[in-house]
Structure formats: structure tokens, C-alpha cells
Amino acid sequence: MQPFTEEVIAIIRAIPAGKVMTYGQIAELAGSRRAARQVVRVLHAMSRSHGLPWHRVLNAHGKIGERDGESMMRQIEHLEAEGVKVSARGEIDLAVYQYWPPPESPI
DNA sequence: GCCATGGCTAGTA
DNA sequence: GCCATGGCTAGTA
């Protein structure tokens with residue numbers, strides 16, 4: 001597995017319940033600001049095998065990216081179960097729910 | 001190497 | 001348009 005991929009996985013795994021992050025934000029933290037689409041790929045390829053909280057990842061507007069209706073509903077259910085409010089349009093208020101990991105927590 | 005993939009995104013029109 | 005991966009292919013050695 002490539003370093004970028006591992007980094008992305010580590011970041012996503014660290015998102016606490018009830019919080020969300022955006023594709024671009026994760027890409028940037030993983031070291032490649034414009035690689036948001038790679039985050040999408042990682043999510044597709046690894047979320048199952050790595051047990052990632054895929055539902056806590058949104059696009060830059062705080063909207064659910066998932067196109068398939070069923071997966072979208074599952075995502076909404078997961079978020080709401082964690083206390084995240086999702087509007088009828090499938091939007092989440094990033095100002096309230098976006099997670100910012102602490103900068104390099106010391107051991 | 002090349003090419004497709006992919007749940008994006010900053011920034012014009 | 002951007003860009004990291006994986007898979008496949010020409011084309012050398």
C-alpha cells in the first residue's frame with residue numbers, strides 16, 4: 001500500500017463519531033491538497049476491509065457525495081444515529097460538525 | 001509508460 | 001482540471 005493511501009486511512013479512522021471531514025480536507029492532511037478524488041478511491045477500495053467510517057466523509061459543501069440512493073440513505077442513517085443533523089436536502093452544517101484533528105499530538 | 005477510475009473542487013461565466 | 005493507483009500493453013534486451 002502506498003504512503004498516501006495509508007495516511008488517508010489513518011486520518012479517516014481517526015474521525016470521531018458525530019463528526020465529519022471533507023474529501024479535500026483529508027487529501028490536504030494526507031499531504032496532497034488537490035488529491036480529493038484519491039480519497040474517494042481509497043474509500044471505495046478500502047472502507048470495507050479496513051472498517052472505515054466512510055459515512056463521516058462529505059464533499060466540500062457538506063453534502064453527501066454518494067449517488068446511489070440506497071447508500072445515501074444508509075449514510076444519512078449512520079450520521080443521524082451519531083447525532084449529526086442532516087437536512088432534507090442531504091446537507092450537513094460543517095461549521096458545527098466538521099472535525100479538525102489536533103496538530104501532531106505528542107506521544 | 002499509458003489510460004481509466006473516481007461519492008471532488010476552485011474559480012470562471 | 002487535478003492526481004494517486006492499478007492494470008495492461010508496447011517494445012526493448
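All chains are named by letter (A, B, ...) in the order of the sequence lines, taking the proteins before the strands, and each is independently numbered beginning at 1. Here the structure is a predicted model, which means the values were calculated and not measured.
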Does A:Arg37 have any salt bridge (charged side-chain N to carboxylate O under 4.0 Å, His left out) partners at least two apart in sequence or in another chain, and if so, which?
-> none
Taking any atom under 4.0 angstrom from a heavy atom of chain A, which nucleotides of DNA chain C are the first and last to qualify, 5' to 3'?
-> C:dG1 to C:dT5
Please tell me if the side chains of A:Lys85 and A:Leu79 come closer than 4.5 Å, counting only heavy atoms from C-beta onward.
-> no
Can you tell me how far CD1 of A:Ile12 sits from CG of A:Leu52, rounded to the nearest 0.5 angstrom?
-> 5.5 Å
Joint hydrophobic cluster, A:Met72 plus A:Val40, side-chain heavy atoms closer than 4.5 Å | no
side-chain hydrogen bond (donor to acceptor under 3.5 Å, both in side chains): which pairs involve residues 51-77 of chain A, sequence neighbours left out?
-> A:His55-A:Glu82, A:Arg56-A:Glu82, A:Asp68-A:Ser71
Enumerate the residue pairs fulfilling side-chain hydrogen bond (donor to acceptor under 3.5 Å, both in side chains) with a member in residues 91-103 of chain A, sequence neighbours excluded, ordered by first and then second residue.
-> A:Gln25-A:Gln98
In residues 29-66 of chain A, which ones come under 4.0 Å of DNA chain B, going by heavy atoms?
-> A:Ala36, A:Arg37, A:Gln38, A:Val40, A:Arg41, A:Leu43, A:His44, A:Trp54, A:Val57, A:Asn59, A:Ala60, A:Gly65, A:Glu66
Under the side-chain contact (heavy atoms from CB on, under 4.5 Å) test, which residues partner A:Glu7, sequence neighbours left out?
-> A:Ile11, A:Ala30
Within residues 3-26 of chain A, residues whose heavy atoms come under 4.0 Å of DNA chain C | A:Phe4, A:Thr5
Identify the two heavy atoms, one from A:Phe4 and one from A:Ala35, that lie closest to each other, and give their separation to 0.1 Å.
-> CZ-CB, 3.8 Å
Would you list the pairs meeting side-chain hydrogen bond (donor to acceptor under 3.5 Å, both in side chains) in which at least one residue belongs to residues 13-23 of chain A, sequence neighbours left out?
-> none
Selection residues 38-49 of chain A - residue pairs positive for side-chain hydrogen bond (donor to acceptor under 3.5 Å, both in side chains), sequence neighbours left out | none
Considering non-hydrogen atoms only, spot the tightest contact between A:Ala36 and A:Ala27 and give its length.
-> N-CB, 3.7 Å
Applying the side-chain contact (heavy atoms from CB on, under 4.5 Å) test to A:Met21, which of A:Val57, A:Leu58, A:Leu94, A:Ile15 qualifies?
-> A:Ile15
Close residues, residues 69-87 of chain A, relative to DNA chain B [heavy-atom separation under 4.0 Å] | none
How is the base pairing of DNA chain C summarised as a dot-bracket string, given the Watson-Crick and G-U wobble criteria with both distances under 3.5 Å, [ ] for crossing and | for another strand?
-> |.||||||.....
Only counting residues at least two apart or in another chain, list the ones meeting side-chain contact (heavy atoms from CB on, under 4.5 Å) with A:Glu80.
-> A:Ile76, A:Val86
Kindly work out whether a path of hydrophobic side-chain contacts (I/L/V/M/F/W/Y, heavy atoms less than 4.5 Å apart) joins A:Val84 to A:Met73.
-> no
Quantified in whole Å, what is the C1' atom distance between nucleotide C:dG7 and nucleotide B:dG7?
-> 23 Å
